[in-house]
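What follows is a short report on a single structure.
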Amino acid sequence: MDRSSLLQLIQEQQLDPENTGFIGADTFTGLVHSHELPLDPAKLDMLVALAQSNDRGQVCYQELVDLISSKRSSSFKRAITNGQRALPQDGLLDEPGLGVYKRFVRYVAYEILPREVDRHWYFYRHRSCPPPVFMASVTLAQIIVFLCYGARLNKWVLQTYHPEYMKSPLVYHPGHRARAWRFLTYMFMHVGLEQLGFNALLQLMIGVPLEMVHGLLRISLLYLAGVLAGSLTVSITDMRAPVVGGSGGVYALCSAHLANVVMNWAGMRCPYKLLRMVLALVCMSSEVGRAVWLRFSPPLPASGPQPSFMAHLAGAVVGVSMGLTILRSYEERLRDQCGWWVVLLAYGTFLLFAIFWNVFAYDMLGAQIPPPP
């Protein structure tokens, strides 16, 4: 039902004869049933919730139009936040007869969202288009680059020990700091098969559901912010080391999701959440430990410093700080959140500091940079 037909129906039935701008929820619900209008039961539940947040049991006409057109009004969001509305009685897990894709959408809703009302709203309004293309595209590009270098060098594990690998124009190297694209493109290069497998698995298991709920813009922003913070942090704290791998972005996604689960622990309904939390922390810690070992105790003679592990930690910090703000509300605009501007200011300050550091500090400190490959 579009806006014009809804308006015409309301006028014909004289649901608002005094032109107050409000319509009784019971009256409209009866009209829906009597005329057999194609309105989702979930939207009727939310219509009742809107009315219950109003002292007179009425819903604003504009809010009704927004609801029909799959938009949630600010007053509806406030009603949710203040706990003034009744949740639908049945959980999504009770939905019978769902296809494979809808089952996956239901799984994503319970995996990512902490409140039943948000799960219902996401489940009923979700559309398969546009698909979560960002995380899939990044992962595919990383695999293709890895396979190309593997075939070229005939080396699939610890590729960074091959001199030709570090000559790639994608790798970040402190001797090539002026080539600014390297601060981002290093995410397509990986130490070896183990690092690629770990990152690809987490990007698909965590990144894709996050992108399905929060959208391409937010997740790409979070991922790229973690990648950029990773290389810049290495340039400040480990000035001799190169950087490869997408761990900065991966750890930003993982730490943001885990922090969101912890902050909304009581509301999360994902199965075995405690066990999964422990396993995720163990895997992430093991990957950091492996990166530290490769950095300071390489198993093979190396011609220069090995890639730094600081990108992992920087990505985790970005995820906890920026990610909690981005994932707090899956549909509230970031510009309407005060915390977002604080986080954005802090991140911008870090970027400015890192830029000045890379321009001036290396010469001032007399850093002994290994010759670029």
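On a predicted model such as this, the values are computed, not experimentally measured, just so you know.
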How long is the span from the CD1 atom in I236 to the CG atom in N358, to the nearest 0.5 Å? 7.0 Å

Do F356 and F350 sit in the same hydrophobic cluster, where Ile, Leu, Val, Met, Phe, Trp and Tyr count as joined when their side-chain heavy atoms come under 4.5 Å apart? no

How close do M239 and P174 get, counting heavy atoms only, and between which atoms? O-CB, 3.3 Å

After noting the C-alpha distance and the side-chain angles of V244 and M187, does the key distance pass the side chain to side chain contact (heavy atoms under 4.5 Å, CB included) rule? CA-CA 6 Å; V244 295; M187 71 181 186; over 6 Å; no

Closer than 3.5 angstrom, by distance alone: can the side chain of R182 be matched with the main-chain N or O of H173 as a donor-acceptor pair? no

What's the spacing between H312 NE2 and R290 CZ if we round to 0.5 Å? 8.5 Å

Under the 3.5 angstrom rule, does the side chain of S321 hit a backbone N or O of V318 as a donor-acceptor pair? yes

Separation of L253 CG from N199 CG (nearest 0.5 Å): 10.5 Å

Any side-chain heavy atom of Y165 sitting closer than 4.5 Å to one from M189? yes

Could you give me the CA-CA distance, side-chain angles and deciding distance for Y223 and F134, then say whether side chain to side chain contact (heavy atoms under 4.5 Å, CB included) is met? CA-CA 10 Å; Y223 185 87; F134 175 76; 3.9 Å; yes

Nearest heavy-atom neighbours spanning R295 and P307: CD-O, 3.6 Å

Quick one: does H176's side chain get under 4.5 Å of V171's, heavy atoms only? no

Minimum side-chain heavy-atom gap L313-V288 below 4.5 Å: yes

Tell me, which pairs form a side chain to side chain donor-acceptor pair (under 3.5 Å) where one or both residues lie in residues 98-108, sequence neighbours left out? Y101-H126

Name the orientation class of the two ring planes belonging to Y251 and F198 (parallel below 30°, tilted from 30 to 60°, perpendicular beyond 60°). tilted

Using links of under 4.5 Å between side-chain heavy atoms of ILVMFWY residues, direct or through other members, which residues join V100 in one cluster? none

Any donor and acceptor pair, going by atom type alone, linking the side chain of W357 with main-chain N or O of S235 inside 3.5 Å? yes

For L275, enumerate each residue passing the side-chain contact (heavy atoms from CB on, under 4.5 Å) test, keeping only those at least two apart in sequence or located in another chain. Y272, L279

Around atom CG of L217, are there more than 12 heavy atoms from other residues, nucleotides or ligands closer than 6.0 Å? no

Is it the case that one hydrophobic cluster holds both L258 and V317, taking links as side-chain heavy atoms less than 4.5 Å apart, direct or via other members? no

Keeping to residues at least two apart or across chains, list the side chain to side chain donor-acceptor pair (under 3.5 Å) pairs with something in residues 259-270. N260-N264

Within the distance-only criterion (no hydrogens, no angle test), does the side chain of Q195 pair as donor or acceptor with the backbone N or O of V191 below 3.5 angstrom? yes

If you look at every heavy atom in W340 and L221, which pair is closest and at what distance? CH2-CD2, 3.5 Å

Provide the closest heavy-atom pair for L202 versus C254 in the form atom of the first, atom of the second, distance. CD1-SG, 3.7 Å

If I compare all heavy atoms of L216 with all of S220, which pair ends up nearest, and what's the gap? O-OG, 2.7 Å

In plain terms, say whether E111 and R276 are close enough for a salt bridge, that is, a side-chain N and a carboxylate O under 4.0 Å apart. yes

Identify, with sequence neighbours excluded, every residue that meets ring pair (Phe, Tyr, Trp, His ring centres under 6.0 Å) alongside F183. Y172

Hey, quick one: are L352 and V359 part of the same hydrophobic cluster, counting side-chain heavy atoms closer than 4.5 Å, chains of contacts allowed? no

If you measure from CG on L222 to NE2 on H214, what distance do you get to the nearest 0.5 Å? 9.5 Å

Residues forming a side-chain contact (heavy atoms from CB on, under 4.5 Å) with T139, sequence neighbours excluded: I143, A200, Q203, L204

I would like to know whether L113 and V108 meet side chain to side chain contact (heavy atoms under 4.5 Å, CB included); could you show each step before the answer? CA-CA 8 Å; L113 297 172; V108 169; over 6 Å; no

Under the side chain to side chain contact (heavy atoms under 4.5 Å, CB included) rule, what do W181 and Y186 come out as? Steps first, then yes or no, please. CA-CA 9 Å; W181 70 83; Y186 78 91; over 6 Å; no

Sorted by chain and number, sequence neighbours left out, side-chain contact (heavy atoms from CB on, under 4.5 Å) with M263 holds for L324

Is there a path of hydrophobic side-chain contacts, each under 4.5 Å between heavy atoms of I, L, V, M, F, W or Y residues, that connects M268 with V262? yes

Roughly how far, to the nearest 0.5 Å, is CG of L184 from OG of S231? 6.5 Å

Sidechain-backbone polar pair: D238 side chain, V234 backbone, donor-acceptor under 3.5 Å: no

State whether the side chain of Y149 and the backbone N or O of E164 hold a donor-acceptor pair below 3.5 Å, judged by distance alone. no

In sequence, state the C-alpha distance, the side-chain angles, and the governing distance for E211 and R218, and then conclude on salt bridge (charged side-chain N to carboxylate O under 4.0 Å, His left out). CA-CA 8 Å; E211 187 178 348; R218 294 189 182 203; over 6 Å; no

Close side-chain approach of F353 and L232, heavy atoms under 4.5 Å: no

Inter- and intrachain pairs under salt bridge (charged side-chain N to carboxylate O under 4.0 Å, His left out), touching residues 137-146, at least two apart: none

Non-neighbouring partners of F188 that pass ring pair (Phe, Tyr, Trp, His ring centres under 6.0 Å), sequence neighbours left out: none

T237 meets the side-chain contact (heavy atoms from CB on, under 4.5 Å) criterion, sequence neighbours left out, with T233, M310

Any link between V320 and M322 through a network of hydrophobic side chains (Ile, Leu, Val, Met, Phe, Trp, Tyr) touching at under 4.5 Å? no

Gap between atom CD1 of I219 and atom CG of L224 - 0.5 Å precision: 11.0 Å

Applying ring pair (Phe, Tyr, Trp, His ring centres under 6.0 Å), name anything that partners F123, two or more places apart in sequence or on another chain. none

Sequence neighbours excluded, the answer for ring pair (Phe, Tyr, Trp, His ring centres under 6.0 Å) partners of H190 is none

Search all heavy atoms of S255 against all heavy atoms of M284 and return the closest pair with its distance. N-CE, 4.4 Å

Between R240 and Q368, is there a donor-acceptor pair closer than 3.5 Å when you use the side chain of the first and the backbone of the second? yes

